[in-house]
Amino acid sequence: MGQRVLLIEDEPNIIEAIRFILSRDGWTVETHADGATAVAAVERKRPDVIILDVMLPNKSGFEILRELREMADHAARPVLMLTARGQKKDREMAEAAGVSHFMTKPFSNTEMLEVVRRLASGASGAGADEAHV
Amino acid sequence: MPRSALTGTRIRERRTLKGVKQADLARAVGISPAYLNLIEHNRRRIGGKLLIDLARELGVEPTALSEGAELPLMEGLQEAASTSGLRPQEGKPVSLPETQRAEEFAGRFPGWAALVVAQRNRITALERRVEALNDRLAHDPFLSDSLHEVLSTVTAIRSTAGILNNAGEIDRDWQARFHRNLYEDSQRLADGSQALVSYLDTVGKSEDTLASPLEEVEAWLAARDFVLPELEQGKMPDLSGEGGLRTPAARSLARKWVLRARAEAEKMPQAMVEAIISRHGPDPSALAQAMGVELSAAMRRLASLPASETRPPMGLAICDGSGALTHRKPLDGFAPPRFGAACPLWPLYQALLRPMVPVRRVVEQHSQPPRRYLAYAIAQPQRPESFDAPEVIEATMLFMPLDQLDMEVRDGEVHGIGTSCRVCARIECPARREPSMVLEVPEDD
């Protein structure tokens, strides 16, 4: 496939597992663990799909997503949000912030891989950097 | 119906229980059967000699006829009725508690009535506990962080195990790495789960009966009759030892209260306070002037003294600027409510309306017989920590039974109060905020 995923997550063993699953499927996986500099990392790397954890050090995934959606370049970039908090209000917050897909932890590897593929296929139809969900 | 108006009902019940005919009882006390009939239907008030004669013939104390059931039991029944949750619904017959017959119920079946009150108290305590635990689940940062840690670890384990189980051929290095990750994560999960269970276990044990730290402190003080003799020697009572406070929050709250009480005991030694009381009576203004302390401090100090035959018992109520009660030392017949708001006519709240203005009032609790108390109150700002600190105010009320004071009071000087609106029979009260469960029926004569 040759497409790129930016994984914004701070748990080393989750990073390792997701990196392995996606790499073997042909993805280039880049990682970032700090919430405060996550938006800058997206600006720099411009991935096809972002996997974003909610509970990050220094800045929450919700804040990061809201900031991205206010930027023209990232307003429609596919974002898969991962969270251990699966309550209705968390899902509603994610939707209000503009999430493409919301997934609660723990998740199955197959399900996560399918969602990333689906988000990327939506993106590929609109061009590499101007992704749409 | 006021409890005094039910004297006739009680006479009728006692007579029926004894199997005495109305005419025979009337003859025995020297009145006509028709007049006794009017009395038994609460259409004529009685007292004095006739009440004593009827009580003698029925083999009971006159107060058993005039006062009936104990006031706390009656208030408990009325509160049980008001919090039953039963409401009339259109088209659906619902048996509502017959509140106007509460005293009759309590008088005829005191054991069952006490059980109803005890059950209602238990339900209320359990509801408070559920509320407290629910609040803890929603807002406790330790619990939230612990659950997040456990879920994150489970996520890593599930993904790693999924890879090892379904990924076919895996490079040996990757395999070794994932096995190591699994081992580390399983260790993390075990530690996290253990910490979580220990925490929940502590919560469960520490709050099995009392829902809030304030209630725990009150129960601790009540078990000591609100007297801490250690403070008279400048010592601190043991807050955590045998019979002490179980939760850190309650100990923290009690420590604040005890430190202030100890400082006040030091400023106002018991012997000097006793001397001032013997000269001026239990008057907080006399004590405050003699010792050069604030009125509220004098009130707290008077309420901290041990019981004595030489002075009346003294109750204390303290509230913050929002009106929430933060300390309750009840007296027989004057018990600040445990749950919900108190009567806004209390001098405590009147003082809160006018900070720094002392309030002294004779108040009458709406009970049978009516009980009068002398109450002193003042609202004072707490000492600010800095110029820009928010203004924090605290109101304090000291109260004592009037019949134990050498004091003449005219009826016009007495202010009617209640406990809380739901159990208060002052139907026309201008301060009423919700309907009463106590029905008042106009009397015929």
Side-chain angles (χ1 to χ4, degrees), chain A residues 5 7-27 29 31 33-35 51-62 80-94 101-116, chain B residues 130-197 199-200:
Chain A
V5 167
L7 172 59
I8 307 173
E9 166 68 75
D10 64 329
E11 284 289 331
N13 292 358
I14 294 179
I15 292 172
E16 201 142 77
I18 293 177
R19 186 205 292 275
F20 180 86
I21 295 159
L22 293 177
S23 298
R24 213 172 50 167
D25 199 52
W27 295 81
V29 182
T31 63
D34 181 30
I51 300 178
L52 177 63
D53 186 29
V54 171
M55 300 277 275
L56 289 165
N58 303 317
K59 190 181 276 188
S60 83
F62 293 127
L80 163 60
M81 188 168 255
L82 301 177
T83 178
R85 297 160 57 133
Q87 292 180 356
K88 190 180 171 208
K89 66 175 182 183
D90 298 309
R91 190 176 289 274
E92 286 171 354
M93 272 179 75
H101 195 93
F102 183 86
M103 191 175 277
T104 53
K105 293 178 179 177
F107 48 83
S108 87
N109 296 342
T110 314
E111 185 190 359
M112 188 270 297
L113 185 57
E114 280 174 3
V115 170
V116 172
Chain B
V130 168
E131 196 178 313
L133 289 175
N134 198 31
D135 188 57
R136 183 183 290 272
L137 278 174
H139 301 112
D140 187 326
F142 178 84
L143 198 56
S144 176
D145 288 352
S146 298
L147 286 171
H148 181 260
E149 168 75 6
V150 166
L151 275 170
S152 291
T153 315
V154 168
T155 303
I157 290 174
R158 184 176 179 188
S159 285
T160 308
I163 291 167
L164 290 171
N165 193 43
N166 300 318
E169 285 294 312
I170 305 177
D171 181 80
R172 288 176 72 89
D173 287 346
W174 274 104
Q175 233 179 48
R177 190 184 292 187
F178 285 138
H179 278 130
R180 191 185 61 237
N181 288 356
L182 268 184
Y183 174 76
E184 287 172 0
D185 284 334
S186 64
Q187 194 67 44
R188 263 177 70 195
L189 183 61
D191 293 345
S193 307
Q194 205 166 23
L196 197 55
V197 169
Y199 176 72
L200 292 173

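The chains referred to below are lettered A, B, ... by the order of the sequence lines, with proteins before strands, and numbering in each begins at 1.
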With only heavy atoms counted, which part of A:S108 is less than 4.5 Å from chain B, the side chain, the backbone, both or neither?
-> both

Give, for atom OG of B:S152 and atom CG of A:L82, the distance between the pair rounded to the nearest 0.5 Å.
-> 10.0 Å

Residues of residues 182-194 of chain B near chain A, each having a heavy atom less than 4.5 Å away = B:E184, B:D185, B:R188

Looking only at heavy atoms, which two atoms of B:T155 and A:P106 are closest? And how far apart?
-> OG1-CA, 3.3 Å

With rounding to the nearest 0.5 Å, note down the distance linking CD1 in A:I21 to CD1 in B:I163.
-> 4.0 Å

Check whether any side-chain heavy atom of B:T160 sits under 4.5 Å from a side-chain heavy atom of A:F20, and report yes or no.
-> no

Kindly give the heavy-atom pair with the smallest separation between A:I14 and B:A156, and that separation in Å.
-> CG1-CB, 3.6 Å

Using a 4.5 Å cut-off on heavy atoms from C-beta on, say whether the side chain of B:N181 contacts that of A:E16.
-> yes

Tightest non-hydrogen contact, residues A:K105 and B:L151, listed as O-CD2, 3.9 Å

Search all heavy atoms of B:S159 against all heavy atoms of A:F107 and return the closest pair with its distance.
-> OG-CE1, 3.7 Å

